[in-house]
Amino acid sequence: MHSMTGFGNATVDGPAGPIRVQVAAVNNKRCQVHVRSEFGDLAIEEAVRRRVGSALGRGSISVRIDRASGGAAGCEPETLRRTYLAFKQIAESVGAPAPRLEAVARFSGGAVDESELAAAVDAAVDRALAACEQMRLQEGANLRQAFERMLAELTACRNTMAKLATGRVASYRERLEQRLETLLAERAQLDPAQIVRELALYADRVDVTEEIDRLASHAEQFAAALAGEGAVGKRIEFLLQEMGREVNTVGSKANDAALTAIVVEAKSVLERMREQAANVL
């Protein structure tokens, strides 16, 4: 299991000094990759965007690419001075404010071979992605353990529901039949066949056996998804939705305090599970 949350940082030697790449990912139902680069090369940024999106799959992902040193490597003071004056002159000619010295320093290291720059960025992205992936795996392992604990709580709730539901239909039927026998003795015009149909209908309304059995089946599928590999986030979100539907139906049929209380507890567990499922890839 992988979490959608992760962070990776890497620095490699580039054609104009060390290049640093940072990758940070948080949960999102879709894949959104935002790239910020001080080099201003749109082709490199688009290549990084596609590469990162393909590698991480889902999540809101931010990528930052810059010079690790904060300025141009190997920049001589005289070269920086001449470059700054040239930028300042251009700015004055168009009525723009004078540039900041540190901004000029980033571009004063001379011409950079674009293919060498792209190769260095690729190498840094690979390393940053590997670090981010390792963190996602570790976070995923933590999530799996949390889900296993919550699934055990839900299973305990389901078992309690099953115990409380045992004999509910028979008990209700017995009490209703006793009451109806009294009514029949007092009112001969009552239709016994209609009474039997009403009894069957009422029994169906209070019987939660099918819902509890389906809840157990969904829980088993959830456990299997946790043990699987790859992206399971959408699968477990669907199963949580189905388990919630079964628990809600049990709650709508529950007309005694004990069963209602355990339904509320099960809903609380499912809500915690849904919150964590939003972080799963």
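The chain is numbered in sequence order, starting from 1.
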field: Point-to-point distance, once rounded to the nearest 0.5 Å, from CZ of R58 to NE2 of H2
entry: 13.0 Å
field: Main-chain N/O of A162 paired to T166 side chain as donor or acceptor, under 3.5 Å
entry: yes
query: Between atom CZ of R20 and atom CD1 of I65, what is the distance when rounded to the nearest 0.5 Å?
result: 12.0 Å
- prompt: So, do E211 and K253 sit near enough that their side-chain heavy atoms are less than 4.5 Å apart?
  reply: yes
- line: Nearest heavy-atom contact between G8 and A131 is CA-CB, 3.8 Å
message: Could you work out, with side-chain contact (heavy atoms from CB on, under 4.5 Å) as the rule, every residue matching S62, not counting sequence neighbours?
response: none
- prompt: Out of R235, Q221, E148, which residue meets the side chain to side chain contact (heavy atoms under 4.5 Å, CB included) rule with L226?
  reply: E148
task: Mark yes when over 12 heavy atoms from residues, nucleotides or ligands other than E210 sit less than 6.0 Å from its CD; otherwise mark no.
output: no
task: Give a yes or no answer on whether the side chain of R136 reaches the backbone of L56 with a donor-acceptor pair at less than 3.5 Å.
output: yes
task: With sequence neighbours excluded, tell me which residues meet salt bridge (Lys or Arg N to Asp or Glu O under 4.0 Å) with E237.
output: none
- prompt: Say you draw a straight line from CG of D41 to CG of L117; how long is it, rounded to the nearest 0.5 Å?
  reply: 6.5 Å
- prompt: Under a single-linkage rule joining Ile, Leu, Val, Met, Phe, Trp and Tyr whose side-chain heavy atoms are separated by less than 4.5 Å, which residues share a cluster with M4?
  reply: L281
- prompt: So, do Q276 and N279 sit near enough that their side-chain heavy atoms are less than 4.5 Å apart?
  reply: yes
query: If you look at every heavy atom in I236 and A277, which pair is closest and at what distance?
result: CD1-CB, 4.1 Å
query: What distance do E265 atom CD and M161 atom CE have between them, rounded to the nearest 0.5 Å?
result: 8.5 Å
message: In the structure I gave you, are the side-chain heavy atoms of D213 and R158 within less than 4.5 Å of one another anywhere?
response: yes
task: Write down the atom of G53, the atom of C31, and the distance for their closest heavy-atom approach.
output: CA-SG, 3.8 Å
query: G244 and L270: which non-hydrogen atoms are nearest, and at how many Å?
result: CA-CD1, 3.7 Å
query: With sequence neighbours excluded, what pairs up with R64 under the side-chain contact (heavy atoms from CB on, under 4.5 Å) test?
result: Q22, D66
- prompt: Any side-chain heavy atom of R49 sitting closer than 4.5 Å to one from E46?
  reply: yes
Those residues that, when tested against E45, pass side-chain contact (heavy atoms from CB on, under 4.5 Å) (two or more places apart): V35, S37, L42
statement: Scanning both residues in full, the closest heavy-atom pair of A266 with V247 reads CB-CG1, 4.1 Å
field: Donor-acceptor contact present, side-chain S217 to main-chain R214, <3.5 Å
entry: no
task: State the CG-CD1 distance between N159 and I262, to the nearest 0.5 angstrom.
output: 10.0 Å
- request: Using a 4.5 Å cut-off on heavy atoms from C-beta on, say whether the side chain of F222 contacts that of L154.
  value: no
- prompt: Transitive ILVMFWY cluster of F7 at side-chain heavy atoms under 4.5 Å: who else is in it?
  reply: M135
Spacing of L215 atom CG and R245 atom CZ [to the nearest 0.5 Å]: 12.5 Å
- prompt: Nearest heavy-atom pair of A98 and A91: which atoms, and what distance?
  reply: CA-CB, 4.5 Å
query: Does E275 pair with R272 as a salt bridge, N-O distance under 4.0 Å?
result: no
